[in-house]
Engineer: 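Sharing a structure here in structure tokens format.
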Number of protein chains: 2
Amino acid sequence: MAVTDEMVCFALYAAHRATSQTYRALLAPWDLTYPQYLVLATLWNEGPQSVREVGEVMQLDSGTLSPLLRRMEERDLVRRERSAADARVVDVHLTDRGLALRTDLCHIPAAIATGMGLADAADAEGLLRRLRGIEASMHAAVPQAAPHEPVAGAAGDDR
Amino acid sequence: MAVTDEMVCFALYAAHRATSQTYRALLAPWDLTYPQYLVLATLWNEGPQSVREVGEVMQLDSGTLSPLLRRMEERDLVRRERSAADARVVDVHLTDRGLALRTDLCHIPAAIATGMGLADAADAEGLLRRLRGIEASMHAAVPQAAPHEPVAGAAGDDR
DNA sequence: CGAATTTCAGTTGTGCACAACCGATCTCGC
DNA sequence: GCGAGATCGGTTGTGCACAACTGAAATTCG
């Protein structure tokens, strides 16, 4: 039932925005966004990482990460420095302030868990598996339209 | 397990972006975005709607919809006109071109369904129910921080 | 009636996402 | 060495998403 699958996509979109709202409210006192929180969480858990590595964890490219990390650096949450070993690479590491947030924000996972109201750990695990399955399928299924094929005569090309 | 719940949030975020990528590739020949496609789908299914009604279906406010609908009107996909009955209201309806896209884009639901690779209709229904449950819980759970409470002394307020 | 309140669409400003592209740098094969 | 190709981070430009606000219009109520 194709229409149901599109409803799942919309539900994904709506649920993501709902969780994002909750993170926004929780993070507002620190003036952090959800992606910024994810960067902090990555560095807390994995230690200093290159921009590319952070991008792999978050699945974002430099076009998104560069300005995001620049804003975080301006606020003294992280620092970026060129790698000595490879001058193409920029290593991102936490400042003292960024590290200190780990303590300040330690209540957030529990607050999110409460807000989501999943039945139990097995429930969450099952959902996690299915979401990752969708993500993998969709990534595998991207219909490779050649980058910016002109496609004359489709829509919006007259007048 | 709080950490698992945060992983579900991230999986939601990642899965949404993956589906969005697939829609982007499918819609690229018509130079449409996923939210624009949703507006078209709403109008195809529900007929002419006020901006507020479209916003209720998509769960978006006028801050997002106004520029989105303006771009669609500039491309002659929809038309907006002030309601005669209530001058505050703007009714959105399809143009001939917007209506014609219903035929051009009728392959998309099946393409999405194929890409998602869900087992069967019952599988999709179950997932849909759980996603809607999360969305509802999160909306109910928004920790009402007073709008833009200054919160001095948190982070980013010195220097 | 007429003032206070509410509703509605729009605007402004900020921050993601992402395609497309760029320059610097590294690697590999010769 | 050295030149072709790959890798890395950054920039540009477009389009959401959203908070906060505005002004016009409708509604409520004293």
Side-chain angles (χ1 to χ4, degrees), chain A residues 13-14 16-25 27-28 31-39 49-56 58-75 80-92 142 144-149 156, chain B residues 13-14 16-25 27-28 31-39 49-56 58-75 80-92 142 144-149 156:
Chain A
Y13 169 60
H16 157 60
R17 286 192 290 128
T19 60
S20 182
Q21 290 285 329
T22 303
Y23 273 106
R24 184 189 318 280
L27 294 170
D31 204 12
L32 288 170
T33 64
Y34 179 56
Q36 288 169 3
Y37 173 74
L38 287 179
V39 169
Q49 302 272 298
S50 70
V51 173
R52 185 185 60 76
E53 288 167 331
V54 175
E56 275 175 11
M58 293 179 61
Q59 304 180 41
L60 292 172
D61 65 8
S62 66
T64 301
L65 280 176
S66 285
L68 195 161
L69 292 171
R70 178 180 50 71
R71 282 186 290 271
M72 292 181 77
E73 188 170 33
E74 283 166 0
R75 292 175 54 195
R80 289 183 295 175
E81 29 196 59
R82 287 275 159 197
S83 164
D86 185 338
R88 291 170 304 182
V89 172
V90 169
D91 288 317
V92 184
V142 172
Q144 284 300 3
H148 213 201
E149 193 182 352
Chain B
Y13 169 60
H16 157 61
R17 286 192 291 130
T19 60
S20 182
Q21 290 285 330
T22 303
Y23 273 106
R24 184 188 318 280
L27 293 170
D31 204 12
L32 288 171
T33 65
Y34 179 54
Q36 289 169 3
Y37 173 74
L38 286 179
V39 169
Q49 301 273 299
S50 70
V51 173
R52 185 186 60 75
E53 287 166 331
V54 174
E56 273 175 14
M58 294 179 59
Q59 305 181 40
L60 292 173
D61 66 7
S62 66
T64 300
L65 280 176
S66 285
L68 194 160
L69 292 171
R70 177 180 50 70
R71 282 186 290 270
M72 292 181 77
E73 187 170 34
E74 283 167 0
R75 292 175 53 194
R80 289 182 295 175
E81 26 196 63
R82 286 275 159 197
S83 164
D86 184 337
R88 294 171 301 182
V89 172
V90 169
D91 288 317
V92 185
V142 173
Q144 285 299 4
H148 214 200
E149 193 181 351

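The figures that follow rest on heavy atoms only: side chains count, while hydrogens, waters and symmetry mates do not. To find a chain, count down the sequence lines: A is the first, B the second, and so on, and within it residues start at 1.
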Engineer: Quick check on the helix from C:dC1-D:dG30 to C:dC30-D:dG1: what's the angle between its two end axes, five base pairs per end, to the nearest 10°?
Structural biologist: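 The angle, to the nearest 10 degrees, is 20°.
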Engineer: Roughly, in whole Å, what's the span from CD in A:Glu81 to P in D:dG10?
Structural biologist: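 Checked: the CD to P distance equals 13 Å.
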Engineer: Return the CD to CE distance between A:Gln49 and A:Met58, rounded to the nearest 0.5 Å.
Structural biologist: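 Answer for the CD-CE pair, A:Gln49 versus A:Met58, is 12.0 Å.
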Engineer: Would you say C:dC16 has OP1 or OP2 under 4.0 Å from some side-chain N or O of B:Tyr13?
Structural biologist: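 The answer is no; no side-chain N or O of B:Tyr13 sits under 4.0 Å from OP1 or OP2.
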Engineer: Output the distance between atom CG (A:Leu60) and atom CG (A:Leu68), rounded to the nearest 0.5 Å.
Structural biologist: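 Output value for this atom pair is 8.0 Å.
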Engineer: Is any side-chain N or O of A:Gln21 closer than 4.0 Å to OP1 or OP2 of D:dC18?
Structural biologist: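 True: A:Gln21 side-chain N/O within range (under 4.0 Å) of D:dC18 OP1/OP2.
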Engineer: Which residues within residues 62-72 of chain A lie with some heavy atom under 4.0 Å of an atom in DNA chain C?
Structural biologist: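 Those residues whose heavy atoms fall under 4.0 Å from DNA chain C, taken from residues 62-72 of chain A in numerical order, are A:Gly63, A:Thr64, A:Leu68, A:Arg71.
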Engineer: Are B:Arg52 and C:dC8 close enough that a side-chain N or O sits under 4.0 Å from OP1 or OP2?
Structural biologist: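 For B:Arg52, the contact criterion (side-chain N or O under 4.0 Å from OP1 or OP2 of C:dC8) is met.
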Engineer: With rounding to the nearest 0.5 angstrom, report the CD to CG distance, A:Gln36 to A:Leu27.
Structural biologist: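 Reported value, rounded in 0.5 Å steps: 9.0 Å.
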Engineer: Can any side-chain N or O of A:Arg24 pair as donor or acceptor with the backbone N or O of A:Thr33 at less than 3.5 Å?
Structural biologist: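 Not at all, since once roles are kept as given, no pair shorter than 3.5 Å links the two residues.
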Engineer: The side chain of B:Val90 lies closest to which of these nucleotides: D:dC8, D:dC16, C:dG10?
Structural biologist: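 Output: C:dG10.
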Engineer: I need the B:Ser66 OG to B:Asp61 CG distance, nearest 0.5 Å.
Structural biologist: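 Here the rounded value is 8.5 Å.
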Engineer: Hey, does the side chain of A:Gln36 come within less than 4.0 Å of C:dC16's phosphate (OP1/OP2), counting only N and O?
Structural biologist: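 So the side-chain polar atoms of A:Gln36 do come within 4.0 Å of the phosphate oxygens OP1 or OP2 of C:dC16, strictly under.
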Engineer: I need the CG-P distance between B:Asp31 and C:dA19, as an integer number of Å.
Structural biologist: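 Value for this atom pair: 14 Å.
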Engineer: Expressed as a whole number of angstroms, how long is the span from A:Tyr34:OH to D:dA17:P?
Structural biologist: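 To the nearest whole Å, that distance equals 16 Å.
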Engineer: If you compare all heavy atoms of B:Val39 against all heavy atoms of B:Leu69, which two are closest, and at what distance to 0.1 Å?
Structural biologist: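 Scanning both residues completely, I find the closest heavy atoms to be CG1-CD2, 3.9 Å.
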Engineer: To the nearest 0.5 Å, what is the distance between CZ (B:Arg17) and OG1 (B:Thr22)?
Structural biologist: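 If I round to the nearest 0.5 Å, the distance is 12.5 Å.
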Engineer: Output the rounded distance in Å from CG (A:Asp86) to C1' (D:dA6).
Structural biologist: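 It works out to 12 Å between those atoms.
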Engineer: Evaluate the side-chain proximity of B:Glu53 to B:Val89: yes if any heavy-atom separation is below 4.5 Å, no if none is.
Structural biologist: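 A side-chain contact under 4.5 Å is absent here.
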Engineer: A:Arg88 side chain: which of D:dG9, D:dA26, D:dT7 is closest?
Structural biologist: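 The nucleotide sitting nearest to the side chain is D:dT7.
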Engineer: Let me know, please, whether A:Ser20 or A:Arg82 comes out on the 5' side of the other along DNA chain D by nearest nucleotide.
Structural biologist: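 Whichever sits nearer the 5' end wins; that is A:Arg82.
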Engineer: For the pair made of CG in A:Leu60 and C1' in C:dA19, what is the distance, rounded to whole Å?
Structural biologist: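 Roughly 14 Å, once rounded to whole Å.
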Engineer: Grab the NE2-P distance between B:His16 and D:dC16 for me, whole Å please.
Structural biologist: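 One finds 12 Å between P of D:dC16 and NE2 of B:His16, rounded.
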Engineer: Taking CZ from A:Arg24 and P from D:dC16, how many angstroms apart are they, rounded to a whole number?
Structural biologist: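 Spelled out: CZ on A:Arg24 to P on D:dC16 is 17 Å.
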Engineer: Using only atom types and a distance under 3.5 Å, with no angle test, would you say the side chain of B:Ser20 pairs donor to acceptor with the backbone of B:His16?
Structural biologist: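 A pair under 3.5 Å: no.
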Engineer: Give the nucleotide from the list C:dC16, C:dC8, D:dC18 with an atom nearest to the side chain of A:Pro35.
Structural biologist: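 The listed nucleotide nearest to A:Pro35's side chain is C:dC16.
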Engineer: Taking the six-membered ring for Trp, are A:Tyr34 and A:Tyr23 parallel (under 30°), tilted (30 to 60°) or perpendicular (over 60°)?
Structural biologist: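 Ring orientation of A:Tyr34 relative to A:Tyr23: tilted.
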Engineer: If you find the nucleotide of DNA chain D closest to A:Arg80 and the one closest to A:Arg17, which residue's nucleotide is nearer the 5' end?
Structural biologist: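 Looking at the nearest nucleotide for each, A:Arg80 comes out on the 5' side.
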Engineer: May I have the distance from A:Asp91 (atom CG) to D:dT7 (atom P), rounded to whole angstrom?
Structural biologist: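 From A:Asp91 CG to D:dT7 P: 19 Å.
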